[in-house]
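In what follows, a single structure is set out as C-alpha cells and then discussed.
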Amino acid sequence: MKRRFRKADPFSIVIFGGTGDLTHRKLAPALYRLMLDGHLPEETIVCGVARRDWSDEYFRDQLREAVLAGPEGKDFNEDAWRRLTRNMVYVRGDADEPGTYSRVDAKLREIGQSMEARPDRNRLYYLATLPSLYEALITSIGELERSRNEGWGRIVVEKPFGHDLESAVRLNALLARYFEENQVFRIDHYLGKETVQNILVFRFANGIFEPIWNRHYIDHVQITVAESIGVGHRGAFYEEAGALRDMVQNHMLQLLSLIAMEAPSSFDARAIRNEKVKVLRSMPLPTVESIARNTVRGQYTTGRIGGETVPGYRDEPGVAPDSQVETFAALRVGIENWRWAGVPFLLRTGKRLPERSSKIVVSFKCPPHLAFKRSMVPELRSNTLVIHIQPREGITLSIGAKVPGAEMQVRNVDMEFYYERTFQERSAEAYEYLLLEAILGDTTMFIRGDEAETAWRYIEAVRAGWDENVVPLSMYPAGTWGPQEATRLLESATVCTGPASGDDDPWATRIGMCALTDWDPS
Ligand code: BG6
C-alpha cells in the first residue's frame, strides 16, 4: 500500500506574537520546513501580528534571518523560502484594539481574492503572545470567526494554558463560547517529539510488551526531564511559574499519561485523549501529609557545569534575591486503577542539572527466584526498559547476560535501538509535526480542555502544600542531580534497591539492583 502523504488544503496562518521569540525560533523554521517538504500548498498565507511597527518586508527578513541562524540554515533552500513568503504579510496591532482584527481580516481577504483557491477562507489563528493577552485574543478572534460562514477556523493556544485551575477553567469556558473542542489546539510541544509519539507505537503496535505492562511485572517507573540550562533571560516569567507549573503540569504529566494509559480502541483524538485523561483522573489528589512524604522541591545555587561556574537562581536577572521558587521538582505519584495500583511513578525535573537528558525508565521486578550463586551475579540489575527522549532518541532494554569465559558470571547488557542508527529519515521537529497536525485539523496530539483542568487540579493540590511550606525548599548546587532528599523518594519506592554503581545520578544507581535475600528456607 502506498504511504499516505499529507498535504494541507489552501489556508492562512495568523500568528499573534509575530515578532516574538517563539515565532522566530520555532514557527518560522517549522513553516519553512513544511513548505520545503511539500506539505504546504503554494497559496499559503502567513500573517504576523504584533505591536511593533514593522513592514511586510522587514517581517520576512527577520524571519529569514531566524531560520538561517537555526538548524534549517544549513542547506537553506531559497526556492522553498520564496514560496513560503510569497504571501507573507505583517499587520500592526494590539490585542485589545478591535481594529486589529478587522485589519487582519481585510488583509487576508485582499490576498485571497486574487487566488482561485481562496486560502483566506481557512484560518489557523496561533496565539504566540504573552498569556495575559489570551482572553482578549480569544474573544476577538471568536467574534471575528462568528461573523464568517466560510471555510474553517481553528485556534492554537500556546503553553502555559492558564496559571492555575481557575484560570484554565476560565480560558476553557471562553474557548467553548466561540469554538468547538475540535477547533481548539492546546499545544504541549513534548507531544510533537518523535520519541514521545513512539511511546504509543511501542506500546500499542507491539504485542509483546502490553501483557507485562502492569503492576505484576513493573516495579516502578521513573520519568526524568533534566536540563543543564538555567532560567537565562526568563527569570521574571519563571518567578511566576516554577518547575511545577512550567514542566510538571504539562510535559511530565503528558509523558505519564502516555506511559500509563489503557490501549485506545482507535488511533484518533477522542479515543486517545479519553484514555489519557482517565490516567490523570486516577491519580489521587495528594493530602498535606502525602505531599510531605512524596514530593521534593529544590532551587539551584551557584555551581559548575561543563567546567564553567554558573550563577545561582537567585542571582539570575529578574529573580528576587530571596526567591522561594523551585527550579527542581520531584514527585512520587500513584495511579489508582486495576493496572497500576501500588506502582510508584517517580517524576523528576530540574534546571542546572549535570546534563540535558529526558528519559523514561521502566524498571521491572526482579526474578522471583535466583538460581545463581551470589558470587555469580554480584552486579545483576533488574530488567529496565529505557525510552530515551532526548538528546539521543531511542529505546534500550537491559538484560542479564553471561559474561564470556569459563566461569559463570552474569552482567547486564543493553539491547539498543537508536533512531540515528536505524533510520535514514530525519526526525521532524516537534513544532513542524504539531503545526501540520493543526493545519490538517487533527487534535490527537493536543491537550483537551478537561485534560488540562485535571492536570491543574493535581498540581494545585501540590502547590497548596508547598505554599504552606509543608516541604522545605532544598538548595542544590548547579551541576548536581538536585537535592539529596529526592533520593529518598526512590529508596522507599523500589524493591530492587542496591548499592551505587559508579553513576553519579542517584536515581540511576538505584535502578533495580536485584536484592538477594539472606533468608534460606531450606
Ligand atoms: C518549556 C519550558 O515548555 O520546555 C522551558 O517552558 C523548558 O522552561 C523547555 O526549558 C524544555 O523543552 P525541551 O524541548 O528543550 O526539552
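Atoms within each ligand, like the ligands themselves, are counted from 1 in listed order. Along the sequence shown, residues are numbered consecutively beginning with 1.
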Checklist entry - Can you tell me if Arg448 and Asn274 form a side-chain donor-acceptor pair at under 3.5 Å? => result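 Arg448 vs Asn274: donor-acceptor pair found between side chains.
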
Checklist entry - Under 6.0 Å between the ring centres of Phe345 and Trp340? => result yes

Checklist entry - Aromatic ring centroids of Phe328 and Tyr300 under 6.0 Å? => result no

Item to check | Region of Tyr238 engaging ligand 1 - heavy atom pairs below 4.0 Å | outcome: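 Tyr238 to ligand 1: no contact under 4.0 Å from either part.
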
Next on the checklist: Tell me whether Ser358 has any N or O atom under 3.5 angstrom from an N or O of ligand 1.
Outcome noted: no

Provide the number and element of each atom of ligand 1 under 4.0 Å from a heavy atom of [X].
| X | value |
| --- | --- |
| Gln390 | 13 (P), 16 (O) |
| Lys193 | 13 (P), 14 (O), 16 (O) |
| Lys159 | 1 (C), 2 (C), 3 (O), 6 (O) |

Checklist outcome for this item: atom 12 (O) of ligand 1 sits nearest the protein heavy atom His189 NE2, 3.2 Å

Checklist entry - So, is the end of the Arg186 side chain (NZ or CZ) under 6.0 Å from the ring centre of Phe446 and within 45° of the ring's axis? => result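 Pair Arg186/Phe446 does not count as cation-pi.
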
Next on the checklist: Which label fits Tyr313 and Tyr238: parallel for a plane angle under 30°, tilted from 30 to 60°, or perpendicular past 60°?
Outcome noted: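 Rings of Tyr313 and Tyr238: perpendicular, as their planes differ by over 60°.
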
Winner among [options] once heavy atoms are compared against [atom]:
| atom | options | answer |
| --- | --- | --- |
| atom 15 (O) of ligand 1 | Glu429, Arg356, Arg245 | Arg356 |
| atom 6 (O) of ligand 1 | Asp188, Ile229, Thr327, Asp246 | Asp246 |
| atom 4 (O) of ligand 1 | Lys351, His251, Glu227 | His251 |

Checklist entry - Would Tyr126 and Phe185 satisfy ring-ring contact (aromatic ring centres under 6.0 Å, His included), going step by step from the backbone distance to the final call? => result CA-CA 9 Å; Tyr126 200 116; Phe185 297 75; 10.0 Å; no

Checklist entry - Given Arg33, which of Glu432, Glu72, Glu429 fulfils the side chain to side chain donor-acceptor pair (under 3.5 Å) condition? => result Glu72

